[in-house]
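Here, residue 1 is the first one in the sequence, and each next residue gets the next number.
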Amino acid sequence: MHRLDADHTLRPVETGDGAALARAYLRNRAHLAPWEPVRDVDFFSEAWQERDVIQYVSDAPAGRNVRFVIVSSDGSIRGRVNLNNIVRGAFRSADLGYWVDAALQGRGLATRAVEIALGHAREELGLHRVQAATLVQNAASQRVLGANGFERIGLAPRYLRIAGSWQDHVLFQRLLEEPVSALPAHP
């Protein structure tokens, strides 16, 4: 478990998190809708979320994904950070995804959580590179990536189906040879 601020920690997803995740996704449904795929109504249920958590926990030893949750001092889940599509061998890379509760935007939680996830990617997983993609207009997410030393590597037209349509994304990467904490913040 890693402290993000006085009221929030980052920890791995655990069996039993389904109910809290469902509440978090329901609370943030409108906030996340412009940035995520269209979600079926079942996605927001405790049962769906707990099945997803159980599947992740059982798949964790294979090492293809690492999922974290941002938890407040009252035990509610207030965000997620994921390292997905982990590839070993010569590539040693992963895709990064994250979100923070709408009520907590602008407090640096995403920036700190991404920093911790990058440290985990380097130190625990031995990865060389982490990639992230943002919608072109997602300036807040781009600031989080910049603050964590990501560099823009290109534009991917019609990259992901988000909010019901294929949308362009800006691609970023972070090479992990340098310690995450050694980098200056980038706007």
Side-chain angles (χ1 to χ4, degrees), residues 1-5 8-13 28 31-32 34-37 56 59-71 77-102 104-163 166-187:
M1 188 171 343
H2 302 275
R3 177 125 335 255
L4 299 176
D5 67 11
H8 299 92
T9 57
L10 184 74
R11 67 161 172 79
V13 170
N28 287 281
H31 167 63
L32 295 174
W35 316 110
E36 293 195 328
Y56 163 72
D59 288 347
R64 288 185 290 272
N65 301 295
V66 176
R67 297 183 182 171
F68 297 99
V69 287
I70 297 170
V71 182
I77 291 177
R78 304 304 291 261
R80 301 265 317 247
V81 178
N82 299 322
L83 293 166
N84 297 314
N85 306 317
I86 296 171
V87 178
R88 305 290 183 179
F91 196 40
R92 294 187 352 211
S93 186
D95 293 316
L96 173 72
Y98 53 91
W99 63 266
V100 172
D101 194 289
L104 300 175
Q105 297 286 298
R107 296 186 185 184
L109 291 174
T111 299
R112 177 76 177 116
V114 166
E115 177 185 10
I116 292 166
L118 290 172
H120 182 83
R122 186 187 58 251
E123 302 300 326
E124 303 300 322
L125 303 175
L127 298 182
H128 163 72
R129 179 180 174 276
V130 174
Q131 177 175 304
T134 71
L135 287 168
V136 173
Q137 69 273 22
N138 193 342
S141 190
Q142 292 167 19
R143 282 191 299 274
V144 168
L145 295 173
N148 277 287
F150 279 79
E151 62 181 324
R152 180 182 168 141
I153 57 172
L155 178 70
R158 299 173 45 92
Y159 185 64
L160 294 172
R161 190 165 173 82
I162 300 295
W166 292 101
Q167 296 196 39
D168 299 349
H169 282 67
V170 180
L171 300 180
F172 295 86
Q173 73 175 5
R174 169 67 203 279
L175 301 180
L176 298 176
E177 285 82 21
E178 294 287 326
V180 174
S181 59
L183 290 174
H186 300 282

Compare every heavy atom of Pro157 with every heavy atom of Asp168, then report the nearest pair and how far apart it is.
OD1-CA, 3.2 Å
Phe150/Val130 under side-chain contact (heavy atoms from CB on, under 4.5 Å): CA gap, chis, key distance, verdict
CA-CA 9 Å; Phe150 279 79; Val130 174; 4.0 Å; yes
Which heavy atom of Val87 sits nearest a heavy atom of Leu127, and at what distance?
O-CD2, 4.2 Å
Any side-chain to backbone donor/acceptor pair from His2 onto Ala117? Under 3.5 Å, distance only.
no
What distance do Arg78 atom CZ and Leu104 atom CG have between them, rounded to the nearest 0.5 Å?
4.5 Å
So, taking the atom named CZ in Arg174 and the one named CD in Glu115, what distance separates them when rounded to the nearest 0.5 Å?
9.0 Å
Please confirm whether the ring centroid of Phe68 lies under 6.0 Å from the ring centroid of His120.
yes
How long is the gap from CG on Leu135 to CD on Glu36, to the nearest 0.5 Å?
10.5 Å
Check Ile70 against Ala113 and note the closest heavy-atom contact, atom names and distance.
CD1-CB, 4.1 Å
To the nearest 0.5 Å, atom CZ of Arg122 lies from atom CZ of Arg92 at 12.0 Å
If we ignore angles and hydrogens, is there a donor and acceptor under 3.5 Å between the side chains of Asp101 and Asn28?
yes
For Gln142 against Phe172, the heavy-atom pair lying closest together:
CG-CZ, 3.7 Å
Can a donor-acceptor pair be found, under 3.5 Å and without considering hydrogens, that links the side chain of Arg88 to the backbone of Gly126?
no
Would you call Phe91 and Arg129 a side-chain contact if the rule is heavy atoms closer than 4.5 Å?
yes
Measure the OG1-CD1 distance between Thr111 and Ile116 for me, rounded to the nearest 0.5 Å.
11.0 Å
Do Trp99 and Ser141 come close enough that some side-chain heavy atom pair is under 4.5 Å?
no
Are Tyr98 and Leu145 side-chain neighbours, meaning at least one heavy-atom pair lies under 4.5 Å?
yes
Against His169, only a single residue in Val136, Ile162, Leu155, Thr134 fulfils side-chain contact (heavy atoms from CB on, under 4.5 Å); can you say which?
Ile162
Using 0.5 Å steps for rounding, measure from the CZ atom of Arg3 to the NE2 atom of His8.
10.0 Å
Val69 and its side-chain contact (heavy atoms from CB on, under 4.5 Å) partner, picked from Val13, Leu10, Val81:
Val13
Carefully, step by step, assess Arg112 and Asp5 under the rule side-chain contact (heavy atoms from CB on, under 4.5 Å).
CA-CA 9 Å; Arg112 177 76 177 116; Asp5 67 11; over 6 Å; no
Indicate the atoms forming the closest heavy-atom contact of Ile86 with Ala94, along with that distance.
CG1-CB, 3.7 Å
With a 3.5 Å distance limit and no angle check, can you tell me whether Gln167 reaches the backbone of Leu160 through a side-chain donor-acceptor pair?
no
Are Asn65 and Arg67 linked by a side-chain donor-acceptor pair shorter than 3.5 Å?
no
